[in-house]
Amino acid sequence: MAILVTGGAGYIGSHTCVELLNQNYDVVVIDNLCNSSAEALRRVQELTGKALSFYEGDVRDEALLTKIFEGNAIDCVIHFAGLKAVGESVFQPWRYYDNNLNATLVLTKVMERFGVKKLIFSSSATVYTADNEMPLKETSRTGGCTNPYGWTKYMTEQILSGLCTADKTWGAVLLRYFNPIGAHASGRIGEDPRGIPNNLMPFIAQVAVGRREKLSVFGNDYDTHDGTGVRDYIHVVDLAKGHVAAVRYAAAHTGCEAFNLGTGIGYSVLDIVSTFQKVNGIPVPYEITARRPGDIAVCYASPDKSREVLGWQAEKTLEDMCRDTWNWQKHNPQGYGE
Ligand code: NAD
Ligand code: WQD
């Protein structure tokens with residue numbers, strides 16, 4: 001069975017390619033490398049001892065997609081390709097809507113033409129409104145996004161849902177990720193953000209390796225056990241395995257279905273800092289600063305539906321996430337080094 005992985009050179013995509021190859025799927029990747037490196041794909045093949053096909057280019061390029069579908073008997077698509085920086089999306093809304101929405105529109109158009117109607121989409125916990133009770137269930141309220149990035153996820157969910165309503169032979173799986181962190185246990189692939197990291201764990205890792213002086217902890221006056229923000233951090237390898245489960249589910253089902261990929265456990269910023277220091281024996285200097293605009297106090301998933309319907313659940317601990325992040329960062333202080 002052949003899977004087309006858009007954005008397969010990226011952080012989550014590269015880890016998913018490893019799991020797919022380990023399960024003997026044929027893997028075809030399209031990525032324009034706007035936020036990644038071809039070196040990640042080289043290492044995916046080195047780690048698994050298996051080859052994948054790589055097409056460098058943009059998912060919005062209909063001619064290239066046509067060539068890929070002509071040249072490969074694709075059964076299912078996992079669609080990771082997208083821009084993901086929340087803050088940047090506020091300043092570059094058109095670029096985000098163009099990239100993230102047009103990629104999905106062109107992709108599904110070409111899929112339809114080739115009769116491939118199984119799509120797994122990288123959605124996000126950001127589609128849930130801020131006024132929901134915790135834990136978030138797939139039936140919790142969505143919409144009311146506070147930035148263009150979030151809207152692209154919400155709108156793409158609407159596009160795929162509409163497609164499945166209109167044509168009962170379509171199957172779309174919307175995977176709502178919580179906070180992916182960690183790296184492959186080998187330390188060969190991991191998260192390699194460009195510029196100053198927006199997210200907590202890559203920032204901590206760069207402080208630990210000496211690339212940044214200290215972490216700013218955004219607020220310690222939230223209504224949480226230690227005052228700092230609480231999130232549902234999930235190991236990227238668990239997340240990648242969730243995609244394999246979704247591919248199996250999609251093969252047997254039509255219609256549009258959303259699933260949370262989270263652990264169901266919330267950890268605070270200071271929980272992460274102290275666990276990282278403890279398991280790795282390395283200091284992470286930090287200071288408490290003002291809250292980051294747009295942040296909420298607490299966000300965690302109910303993973304029940306994913307466990308019951310996909311037969312998937314996260315297995316790795318916060319210690320694993322901290323250890324594997326550091327193993328990747330210390331062996332690759334400059335990431336993939338390009
Ligand atoms: P990433 O930036 O590492 O990976 C995305 C990949 O898509 C990159 O390799 C990039 O080069 C590629 N890409 C972007 N636009 C493209 C285009 N038009 N054509 C071809 N390739 C393109 O990000 P990631 O963390 O691996 O995230 C993967 C997906 O999961 C994204 O859609 C993201 O929005 C979503 N997601 C990520 C998180 C997170 O915290 N990392 C959380 C929820 C959802
Ligand atoms: C986690 C916690 C911060 C950085 C974002 C997106 C979301 C999803 C995942 C894609 C919060 C605190 C952070 C720092 C800090 N992405 N923090 N100092 O905000 O939960 O989610 O990434 O879909 O859409 O919004 O993740 O890692 O940025 O923050 O104190 O330097 O760490 O305030 O409590 P977030 P994050």
Side-chain angles (χ1 to χ4, degrees), residues 5-16 29-38 40-41 55-61 64-65 78-87 89 95-96 98-104 106-107 121-128 145-147 149-150 152-153 156 175-181 190-194 196-204 206-207 212 214-220 222 224 228-234 236 239-240 243 261-262 266-273 286-300:
V5 183
T6 80
Y11 172 47
I12 305 169
S14 56
H15 288 82
T16 302
V29 169
I30 177 172
D31 199 305
N32 64 5
L33 305 180
C34 71
N35 195 39
S36 54
S37 161
L41 293 174
Y55 294 82
E56 183 175 343
D58 199 297
V59 182
R60 291 166 294 177
D61 181 346
L64 175 61
L65 273 187
I78 308 182
H79 182 30
F80 292 106
L83 301 174
K84 64 162 184 178
V86 171
S89 79
R95 183 169 162 247
Y96 271 70
D98 177 42
N99 193 80
N100 293 2
L101 298 183
N102 278 330
T104 307
V106 173
L107 175 65
F121 174 62
S122 297
S123 190
S124 168
T126 198
V127 300
Y128 292 113
C145 302
T146 52
N147 56 76
Y149 167 76
T152 68
K153 293 298 175 193
T156 304
L175 297 179
R176 295 175 179 160
Y177 313 156
F178 280 69
N179 290 59
I181 59 172
E191 186 168 14
D192 182 20
R194 295 191 173 170
I196 301 171
N198 299 304
N199 297 113
L200 178 64
M201 192 53 124
F203 204 104
I204 289 176
Q206 291 193 7
V207 171
R212 316 219 168 254
K214 61 186 168 200
L215 170 73
S216 296
V217 175
F218 298 145
N220 66 349
Y222 287 106
T224 62
T228 64
V230 166
R231 296 291 183 273
D232 186 336
Y233 296 93
I234 175 167
V236 67
L239 192 74
H243 291 74
L261 294 186
Y267 288 109
S268 73
V269 176
L270 292 181
D271 289 336
I272 305 290
V273 171
Y286 69 85
E287 66 175 348
I288 307 293
T289 62
R291 290 183 178 192
R292 183 172 63 179
D295 275 356
I296 54 175
V298 179
C299 176
Y300 60 94

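Computed over heavy atoms, backbone and side chain alike; hydrogens, waters and symmetry mates excluded. Order of appearance sets the numbers: ligands from 1, and atoms from 1 within every ligand. Everything numeric here is computed off the predicted structure, so don't read it as measured data.
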With nothing but distance in play, are any N or O atoms of [X] less than 3.5 Å from an N or O of ligand 1?
X: Ala81; result: no
X: Ile12; result: yes
X: Leu83; result: no
X: Ala103; result: no
X: Tyr149; result: yes

Calculate, to the nearest 0.5 Å, the distance between atoms [atom1] and [atom2] belonging to [X] and [Y] respectively.
X: Asp192; Y: Tyr11; atom1: CG; atom2: OH; answer: 11.5 Å
X: Ile30; Y: Leu65; atom1: CD1; atom2: CG; answer: 4.5 Å
X: Asn99; Y: Ser89; atom1: CG; atom2: OG; answer: 12.0 Å
X: Thr6; Y: Leu107; atom1: OG1; atom2: CG; answer: 6.5 Å
X: Arg291; Y: Asn220; atom1: CZ; atom2: CG; answer: 9.5 Å
X: Ile296; Y: Thr126; atom1: CD1; atom2: OG1; answer: 8.5 Å

Is there a heavy atom in [X] that sits closer than 4.0 Å to ligand 2?
X: Tyr149; answer: yes
X: Tyr233; answer: yes
X: Arg231; answer: yes

At less than 4.0 angstrom from any non-hydrogen atom of [X], what atoms of ligand 1 do you find?
X: Gly82; result: 5 (C), 7 (O), 13 (N), 14 (C), 15 (N)
X: Ser122; result: 29 (C), 30 (O), 32 (O), 35 (C)
X: Ser123; result: 43 (C), 44 (C)
X: Leu33; result: 11 (O)
X: Ser124; result: 43 (C), 44 (C)
X: Cys34; result: 10 (C), 11 (O), 13 (N), 14 (C), 15 (N)

Just distances here: any N/O of [X] and N/O of ligand 2 closer than 3.5 Å?
X: Phe218; result: yes
X: Arg292; result: yes
X: Phe203; result: no

Proximity of [X] to ligand 2 by residue part, where a heavy atom lies under 4.0 Å:
X: Ser216; result: backbone
X: Asn179; result: side chain
X: Asn199; result: both
X: Thr126; result: side chain
X: Leu215; result: side chain

Identify which of [options] has a heavy atom lying nearest to [atom].
atom: atom 9 (O) of ligand 1; options: Leu65, Asn102, Asp31; value: Asp31
atom: atom 36 (N) of ligand 1; options: Tyr233, Tyr55, Tyr177, Phe178; value: Tyr177
atom: atom 13 (C) of ligand 2; options: Val127, Thr146, Leu200; value: Leu200
atom: atom 28 (C) of ligand 1; options: Phe80, Tyr11, Phe121; value: Phe80
atom: atom 19 (N) of ligand 1; options: Val59, Val5, Asn198; value: Val59

Any non-hydrogen side-chain atom of Leu239 less than 4.5 Å from a side-chain atom of His15?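 Side chain of Leu239 against side chain of His15, heavy atoms only: no contact under 4.5 Å found.
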
Worked check of side chain to side chain contact (heavy atoms under 4.5 Å, CB included) between Asp31 and Ser36: CA-CA 8 Å; Asp31 199 305; Ser36 54; 3.3 Å; yes

Short list, please: which atoms of ligand 2 are under 4.0 Å from a heavy atom of [X]?
X: Val86; answer: 6 (C), 25 (O)
X: Gly229; answer: 34 (O)
X: Ser124; answer: 10 (C), 23 (O), 24 (O)
X: Val217; answer: 30 (O)
X: Asn198; answer: 4 (C), 28 (O)

Can you tell me the protein heavy atom closest to atom 24 (P) of ligand 1 and the distance?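 Heavy-atom neighbour on the protein nearest atom 24 (P) of ligand 1: Lys84 NZ, 3.8 Å.
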
Does at least one non-hydrogen atom of His79 fall below 4.0 angstrom from an atom of ligand 1?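 Per 4.0 Å heavy-atom rule, His79 does not contact ligand 1.
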
Are Ala40 and ligand 1 in contact, using a heavy-atom cut-off of under 4.0 Å?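 Heavy atoms of Ala40 never come under 4.0 Å of ligand 1.
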
Do Tyr177 and His243 have ring centres separated by under 6.0 Å?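 When the ring centroids of Tyr177 and His243 are compared, they turn out to be within the sub-6.0 Å range.
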
Asn199 side chain to Met201 backbone, donor-acceptor under 3.5 Å: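 The answer is no, because no donor-acceptor pair under 3.5 Å joins these two groups.
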
Which one of Val106, Asn32, Leu64 satisfies the side chain to side chain contact (heavy atoms under 4.5 Å, CB included) criterion with Asp58?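 Answer to the side chain to side chain contact (heavy atoms under 4.5 Å, CB included) test with Asp58 among Val106, Asn32, Leu64: Asn32.
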
OH (Tyr286) with more than 12 external heavy atoms under 6.0 Å: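 Result for OH/Tyr286: open.
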
